[in-house]
Amino acid sequence: MAFNPLALDNQLCFPLYAASKEVTRRYKPFLDPLGLTYTQYVTMMALWEKDSVSVKELGKRLYLDSATLTPLLKRLESHGYIMRQRSKEDERSVIISLTQEGRDLREKALEVPKGIGSCIRMDPQDALQLKALLTKMLDAFD
């Protein structure tokens, strides 16, 4: 039997897409009480790691373009979790900083990883190996 390059089962992209969609769906019940979408949640995680970053730096960290990031940041600002301010050094750059409410949200979010861990039945070693491979894949893109 000849290799079929268009068979769905022969694609790397499809299980990545389907798994990503399913994982994101599994986050919803844990994020709804926080009033966050998955993309808002990963944005907040990035800011909890490093506060007061430029939109450009945040977008690079999250693999998001400004067309996606800008409305997301406006929504987080309307929730009172972040502030957007022009950089004093470079007026073209916008700096994103957590508010006290945004910092306080971190404590509530500590339950999310535990909840997700209970939803994905996967050997911890396999999960670490998968994460390493996906990180390697991301690093391989130009």
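In this chain, numbering begins with 1 at the start of the sequence shown.
The closest donor-acceptor contact from the side chain of Thr43 to the backbone of Thr39 lies under 3.5 Å. In this structure a side-chain-to-backbone donor-acceptor pair under 3.5 Å is present from Arg86 to Glu91. Distance alone, capped at 3.5 Å, is enough to place a donor-acceptor pair between the Asp51 side chain and the Leu98 backbone.
Clustering ILVMFWY residues whenever any of their side-chain heavy atoms sit less than 4.5 angstrom apart, transitively, puts Met83 in a cluster other than the one holding Leu72. Note: the hydrophobic cluster containing Leu12 does not contain Leu133 (ILVMFWY, side chain heavy atoms under 4.5 Å, direct or indirect links). Following chains of ILVMFWY side-chain contacts shorter than 4.5 Å, one cannot reach Tyr17 starting from Tyr27, and the two form parts of different hydrophobic clusters. Transitive grouping of hydrophobic side chains (ILVMFWY, heavy atoms separated by less than 4.5 Å) brings Leu73 and Tyr63 into a common cluster. By the criterion of side-chain heavy atoms lying less than 4.5 angstrom apart, applied directly or through intervening Ile, Leu, Val, Met, Phe, Trp or Tyr residues, Leu138 is grouped together with Leu134 in one hydrophobic cluster.
Among all heavy-atom pairs drawn from Gln40 and Gly35, the shortest one is OE1-O, 3.7 Å. The minimum heavy-atom distance between Val55 and Leu69, with the atom names listed, is O-CD2, 3.6 Å. Annotation for Gln11 and Ala7: closest pair NE2-O, 2.9 Å, computed over non-hydrogen atoms.
Looking only at side-chain heavy atoms (C-beta outward), Phe30 and Pro113 stay at 4.5 Å or farther from each other. Annotation: side chain of Leu31 is not in contact with side chain of Thr37 (no heavy-atom distance under 4.5 Å). Contact annotation: the side chain of Phe14 never approaches that of Asp9 to less than 4.5 Å [non-hydrogen atoms, C-beta and beyond]. Proximity of Leu36 to Leu105: side-chain heavy atoms (C-beta onward) are separated by under 4.5 Å at one or more points. At least one side-chain heavy atom of Ile82 sits less than 4.5 Å from a side-chain heavy atom of Met44. At a threshold of 4.5 Å between non-hydrogen side-chain atoms, the residues Glu77 and Thr99 do not count as touching. Two residues are said to be in side-chain contact when any heavy atoms from C-beta on lie closer than 4.5 Å; Leu130 and Met122 meet this criterion. The shortest side-chain heavy-atom distance between Ser97 and Ile95 falls under the 4.5 Å cut-off.
Here Lys114 contributes atom NZ and Cys119 contributes atom SG; the two are 14.5 Å apart, rounded to the nearest 0.5 Å. Residue Tyr81 holds its OH atom at 8.5 Å from CG of Leu76, rounded to the nearest 0.5 Å. Between His79 atom NE2 and Lys74 atom NZ the span is 14.5 Å, to the nearest 0.5 Å. Rounded to the nearest 0.5 Å, atoms CD (Glu49) and CZ (Arg106) are 9.0 Å apart.
The number of heavy-atom neighbours closer than 6.0 Å to CD of Gln129, taken from other residues, nucleotides and ligands shown, is 12 or below. In the displayed structure, Gln100 atom CD is contacted under 6.0 Å by more than 12 heavy atoms of other residues, nucleotides or ligands. Within a 6.0 Å radius of CZ in Arg103, other residues, nucleotides and ligands contribute more than 12 heavy atoms. For Arg84, the CZ atom sits in a packed shell: over 12 heavy atoms of surrounding residues, nucleotides or ligands are nearer than 6.0 Å. By the 6.0 Å contact criterion, CG on Asp123 is enclosed, its count of non-hydrogen atoms from other residues, nucleotides or ligands being greater than 12.
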Verdict with reasoning, Leu58 to Lys50, per side chain to side chain contact (heavy atoms under 4.5 Å, CB included): CA-CA 9 Å; Leu58 188 59; Lys50 185 177 180 190; over 6 Å; no

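Neither side chain, Ser93 nor Ser54, offers a donor N or O lying under 3.5 Å from an acceptor on the other. A donor-acceptor contact under 3.5 angstrom links the side chains of Asp65 and Thr68, judged on distance only.
Under a 4.0 Å N-O distance rule, the pair Lys60/Glu57 does not qualify as a salt bridge.
Between Tyr41 and Trp48, the ring-plane angle classifies as perpendicular under the 30° and 60° cut-offs.
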